[in-house]
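For reference, the structure discussed in these notes is given below.
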There are 2 protein chains.
Amino acid sequence: MSPSRPAPAVSVDIVLLTLGDTGLQVALHRRDHAPCQHQLALPGGYVHVDEDDSCEATAKRVLRDKTGLEPRYLEQLRTFAGPRRDPRGWSVAVSHVALIPLQQLRDAGDGVFHFYDVDQLPELAFDHAEQVREAVQRVRNKASYSTLPCWLLPERFTLTQLQHTYEQIFGETVSRGTFRSRLGIKVADAKPGEYADEAALLEATEEFLGGKQRPARLFRINRLSLFKRARW
Amino acid sequence: MSPSRPAPAVSVDIVLLTLGDTGLQVALHRRDHAPCQHQLALPGGYVHVDEDDSCEATAKRVLRDKTGLEPRYLEQLRTFAGPRRDPRGWSVAVSHVALIPLQQLRDAGDGVFHFYDVDQLPELAFDHAEQVREAVQRVRNKASYSTLPCWLLPERFTLTQLQHTYEQIFGETVSRGTFRSRLGIKVADAKPGEYADEAALLEATEEFLGGKQRPARLFRINRLSLFKRARW
DNA sequence: TTACTTAGTTGATAATTTCAACTAACATGC
DNA sequence: GCATGTTAGTTGAAATTATCAACTAAGTAA
């Protein structure tokens with residue numbers, strides 16, 4: 001039983017976000033071909049049914065081809081579909097959010113993407129502006145109750161760096177005490193060899209980032225953790 | 001520029017949940033045709049590109065055709081895709097969650113669906129069991145911080161009915177005081193004509209459900225509201 | 001009128017959050 | 001060495017918020 005009507009085209013789009021000096025930025029490229037030629041657009045591509053095992057696999061392949069990188073954080077955002085989002089007709093775009101630290105993108109060489117502040121978006125092709133808006137909303141919301149912002153930093157980072165990341169995502173300062181208690185960090189309580197207690201959402205390493213003051217402990221994260229929420 | 005490879009088939013699946021005596025139940029039907037003939041499956045169907053304006057529209061059409069109903073709550077869950085979920089090859093299923101009160105389903109006539117407790121799922125066709133698991137997880141999680149359970153009740157309901165709904169979703173009792181303060185309900189504080197104050201997440205009506213005791217005020221909901229969360 | 005049942009409110013207590021002040025660890029310059 | 005500056009990390013008292021048992025309210029039934 002195959003569908004009796006024309007199947008819509010299926011593509012995968014990626015809202016690749018990173019943290020620049022001015023806050024969250026999105027990676028865009030200028031389209032070479034019609035439709036929407038010369039317009040700014042999200043990276044994306046068609047599913048290769050002979051090659052890709054899932055839409056996430058398609059997203060990873062597209063990013064690998066464009067940047068040589070594999071994002072440490074990648075999640076499906078939502079599927080955008082309809083008759084009018086692409087002038088060629090009914091289409092389906094499985095949209096994803098990827099987070100990659102800016103330094104990693106710089107190290108991988110550039111020229112492929114232009115980065116734009118998510119709060120000052122230029123005109124975009126297709127429904128890509130809507131995809132970016134939803135992605136940013138998702139990231140801001142998730143940042144408010146989870147350790148998601150860690151994926152915008154290098155693998156090891158200090159608590160102050162992480163706090164600044166949260167502040168840049170929210171666009172407002174957060175209290176240092178509140179921030180640390182939210183993460184459950186109590187370095188000193190830990191027994192030798194384990195520097196994060198039960199409640200800690202980050203993994204403490206033995207390394208320190210020594211600058212021109214007291215060195216700060218470097219932390220690491222393995223999986224997304226959620227902040228404690230009210231019970232019933 | 002059309003894709004140079006075969007396009008995967010795109011369908012829409014719906015995890016239709018309702019509240020039975022024993023808790024959350026999912027609507028399943030037995031498949032008439034191959035593949036997975038005679039197996040239990042979620043309602044779903046192919047996108048009609050000449051008819052549907054979006055995947056939500058496809059979902060609504062499928063539900064209308066099967067039940068004659070339009071769900072008051074419908075949201076996209078996630079898109080499931082890959083080469084192995086359907087024996088016919090690479091496929092894409094845009095999965096949705098729909099909530100409909102049991103009474104409404106009963107009134108609409110039945111026979112189409114069988115209802116199964118979500119915690120005692122039988123074997124399902126394709127990856128439908130995974131879709132149900134994710135949908136239930138989403139609903140349970142969202143119930144913990146929002147008024148989502150309201151959509152499992154008739155349009156007007158009492159606070160006690162709503163509390164029982166939360167309890168059935170969670171599978172545990174909740175304190176009446178905690179429950180009411182979470183919803184910001186303070187009926188008496190309201191000025192004449194408005195029975196819900198600023199903080200209230202429900203809209204109070206002027207009607208009461210009189211049983212064999214003190215009548216309970218009926219409430220209504222217009223949009224999903226989120227409980228207050230910790231500030232930064 | 002009394003007893004019973006469920007609806008709705010209240011407020012003292014318990015738990016949690018917040019933040020300013022404190023201590024710690026380094027560098028630098030005298 | 002030692003004072004000073006700067007950032008890291010901790011502490012705990014005060015402020016806020018959550019919780020639940022006890023109370024009041026409004027109906028039915030006998």
Side-chain angles (χ1 to χ4, degrees), chain A residues 144-145 153 156-167 170 172-191 194-220 226-232, chain B residues 144-145 153 156-167 170 172-191 194-220 226-232:
Chain A
S144 72
Y145 64 84
L153 288 174
R156 286 137 190 271
F157 51 84
T158 68
L159 291 181
T160 303
Q161 287 170 347
L162 183 57
Q163 181 179 340
H164 292 335
T165 302
Y166 275 89
E167 290 173 338
F170 295 147
E172 58 187 43
T173 60
V174 308
S175 142
R176 198 156 53 107
T178 302
F179 173 73
R180 289 163 110 94
S181 80
R182 204 73 106 233
L183 291 168
I185 300 298
K186 275 289 167 55
V187 174
D189 282 358
K191 298 152 203 131
E194 57 166 279
Y195 283 82
D197 62 60
E198 299 274 317
L201 306 185
L202 303 179
E203 187 189 336
T205 72
E206 295 299 341
E207 291 172 86
F208 291 80
L209 183 62
K212 305 207 168 287
Q213 337 69 11
R214 174 171 177 172
R217 187 180 288 274
L218 289 169
F219 288 81
R220 189 177 22 212
L226 307 184
F227 301 151
K228 195 165 29 113
R229 267 212 282 251
R231 300 156 314 187
W232 278 88
Chain B
S144 73
Y145 63 83
L153 289 175
R156 286 138 189 271
F157 51 85
T158 68
L159 291 181
T160 302
Q161 287 171 348
L162 183 57
Q163 181 179 343
H164 292 334
T165 303
Y166 275 90
E167 289 173 340
F170 295 147
E172 59 187 44
T173 60
V174 308
S175 143
R176 197 157 53 108
T178 302
F179 173 73
R180 281 163 185 259
S181 79
R182 203 71 109 237
L183 291 168
I185 300 298
K186 275 289 168 55
V187 173
D189 283 358
K191 299 153 204 129
E194 57 167 280
Y195 283 81
D197 64 59
E198 299 273 317
L201 306 185
L202 303 178
E203 187 189 337
T205 72
E206 294 299 341
E207 290 172 87
F208 290 81
L209 183 62
K212 304 206 169 288
Q213 339 68 9
R214 174 172 176 171
R217 187 180 287 275
L218 288 169
F219 288 81
R220 186 174 27 209
L226 307 184
F227 301 150
K228 195 164 31 111
R229 268 214 281 252
R231 302 157 312 187
W232 276 89

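Below, chain A is the first sequence line, B the second, and so on; all start at residue 1.
Per the geometry, CG belonging to Leu209(B) stands 10 Å off P belonging to dG8(C), to the nearest Å. Separating the CZ atom of Phe219(B) from the P atom of dA7(C) is a distance of 12 Å, rounded to the nearest angstrom. The distance from atom CD of Gln163(B) to atom C1' of dT6(C) is 12 Å, rounded to the nearest whole Å. If you measure from atom CZ of Arg180(A) to atom C1' of dT11(D), you get 13 Å, rounded to the nearest angstrom. What separates CD of Glu207(B) from P of dA7(C) is a distance of 17 Å, to the nearest Å. One atom, CZ of Arg217(A), and another, P of dA8(D), lie 14 Å apart when rounded to the nearest Å. The nearest whole Å value for the distance from the CD atom in Gln161(B) to the P atom in dT6(C) is 14 Å. In this structure, Phe179(B) atom CZ and dA7(C) atom P are separated by 12 Å, rounded to whole Å.
Distances shown here put every side-chain N or O of Lys212(B) at or beyond 4.0 Å from the OP1 or OP2 atom of dT6(C).
Rounded to 10°, the helix from dT1(C)-dA30(D) to dC30(C)-dG1(D) has 10° between the axis fitted to its first five pairs and the one fitted to its last five.
Residue Leu218(B) forms a side-chain contact (heavy atoms from CB on, under 4.5 Å) with just one option from Leu209(B), Leu202(B), Leu159(B), and that option is Leu209(B).
Looking at heavy-atom distances under 4.0 Å, Thr160(B) makes contact with sugar-phosphate atoms alone, never a base.
Of the candidate nucleotides dT7(D), dG27(D), dA7(C), dT7(D) has the atom nearest to the side chain of Gln213(A).
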Would you give a per-nucleotide map of nucleotides 13-22 of chain D, 5' to 3', where B means the base has a protein non-hydrogen atom under 4.0 Å away, S means only the sugar-phosphate does, and - means neither? ----SSSB--

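A donor-acceptor contact under 3.5 Å links the side chain of Arg214(A) to the base of dA8(D).
Residues meeting the ring pair (Phe, Tyr, Trp, His ring centres under 6.0 Å) test with Phe227(B), sequence neighbours left out: Trp232(A).
With hydrogens and angles disregarded, a donor-acceptor distance shorter than 3.5 Å links the side chain of Glu167(B) to the backbone of Val174(B).
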